[in-house]
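Below is one structure; the comments refer to it alone.
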Amino acid sequence: MTTTRVLTGDRPTGPLHLGHYFGSLQNRVRLQDGGAEVFVLVADYQVLTDRDTAERLDEHVLGLVLDYLAIGIDPGRTTVFAHSAVPALNQLLLPFLSLVSVPELNRNPTVKDEIAHSRQSSVSGLMFSYPAHQAADILFCKATLVPVGKDQLPHLEVTRLIARRFNERYGPTFPEPEAMLSRAPLLLGTDGTKMSKSRGNAIAIRATSDETARLIKGAKTDSVRTISYDPAGRPEVSSLVLLAALCLDADPVALAGEIGDGGAAALKKSVTEAVNERFAPIRARRAALAADPAFARAVLRDGCVRAREIADATLEEVRTAMGMRY
Ligand code: TRP
């Protein structure tokens, strides 16, 4: 039996939050625990797509690795690595770029959206080409399954296109990976818009219980006293109900019914308790790991060594297929 190879990753731009946890991190741990071979990528070059400088990058990278370890990523089974530390992975970008046209890169809706919100004075070449780089992230280890959010689907199509065209042109080399979307419904931030590191509306996994209480206290609700679960009609209230339900492994409709006429105050109290209770062990583990940063650094270093071995082998295969072994 061949084991499934899974690759996914994050940009190191700040702490991972509860949206990440329920949307994707939990899935990774499930896949790992189910016996898949999981690769978790710290996408440090991708930080440069929408900003000119990668500020506090090393701090964010270490923080990300600590978050991974705290939520249950086991470095004995899962490879955690940064793509900047894997030269052969990056070299795959050159042949891959030859397989996609400029119009194909140009019409990527996620890239378009990021350009609209970019913090750069002008759009860099990296911004246009990063979906092809992401193909190298995925194909260097021949991953077949990529757990991602919906916004990443256009990128996965680019990866599949590149794999297909490479195979057609140079012979069968790469699998065409499948996306794996989380089944958990989307959590909104405390202001009722998409939960995002950069919007200040996210509850970090590593937040203290006091920070959590403060963020939830300030969360947007509405003026209807009876709490109900109605994501379309009452998005802010429903997202809070959903958050508590996810933390308690409960049904959101039943939970809303229990809070009933308690209003926003009772809702917020339940959500705060549910989050703080659910994340207490993860937060305690993270604090213990953070006290010894050498361990997390060693995890990343070892992961990069393993990723390099795999990338070197794939690049050899690619150069052979392309007639570039001299
Ligand atoms: N683009 C992803 C994000 O912004 C991060 C990422 C980089 C990624 N390379 C990847 C995700 C490969 C999945 C597979 O969140």
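Counting starts at 1 for both ligands and their atoms, in listed order. When a residue number appears, it is its place in the shown sequence, counting from 1.
F279 is listed as a side-chain neighbour of L18, based on a closest heavy-atom distance under 4.5 Å.
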Side chains of residues 36-44: which donor-acceptor partners sit under 3.5 Å, not counting sequence neighbours?
from : atom 1 : to   : atom 2 : distance (Å)
E37  : OE1    : R5   : NE     : 3.2
E37  : OE2    : R5   : NH2    : 3.2
E37  : OE2    : R306 : NH2    : 2.5
D44  : OD1    : S84  : N      : 3.1
D44  : OD1    : S84  : OG     : 3.4
D44  : OD2    : S84  : OG     : 2.5

Could you pull out all donor-acceptor pairs under 3.5 Å where a side-chain atom in residues 265-278 meets a protein atom, sequence neighbours excluded?
from : atom 1 : to   : atom 2 : distance (Å)
K268 : NZ     : K217 : O      : 2.7
K268 : NZ     : A219 : O      : 2.9
K269 : NZ     : E273 : OE2    : 3.4
S270 : OG     : A266 : O      : 3.0
T272 : OG1    : K268 : O      : 2.7
N276 : OD1    : T212 : OG1    : 3.4
N276 : OD1    : R283 : NH1    : 2.9
N276 : ND2    : S209 : O      : 3.3
R278 : NH1    : L246 : O      : 3.1
R278 : NH1    : C247 : O      : 3.2

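The salt bridge (Lys or Arg N to Asp or Glu O under 4.0 Å) test applied to R297 returns no partner, not counting sequence neighbours.
For the pairing with Q134, the side chain to side chain donor-acceptor pair (under 3.5 Å) check across H83, Q46, H155 returns one residue only, Q46.
Within 4.0 Å of ligand 1, protein heavy atoms belong to L7, T8, G9, R11, L41, A43, Q46, Q134, D137, I138, V146, V148, Q152, listed by chain and number.
A salt bridge between R30 and D33 is absent, with no side-chain N of the basic residue lying under 4.0 Å from a carboxylate O of the acidic one.
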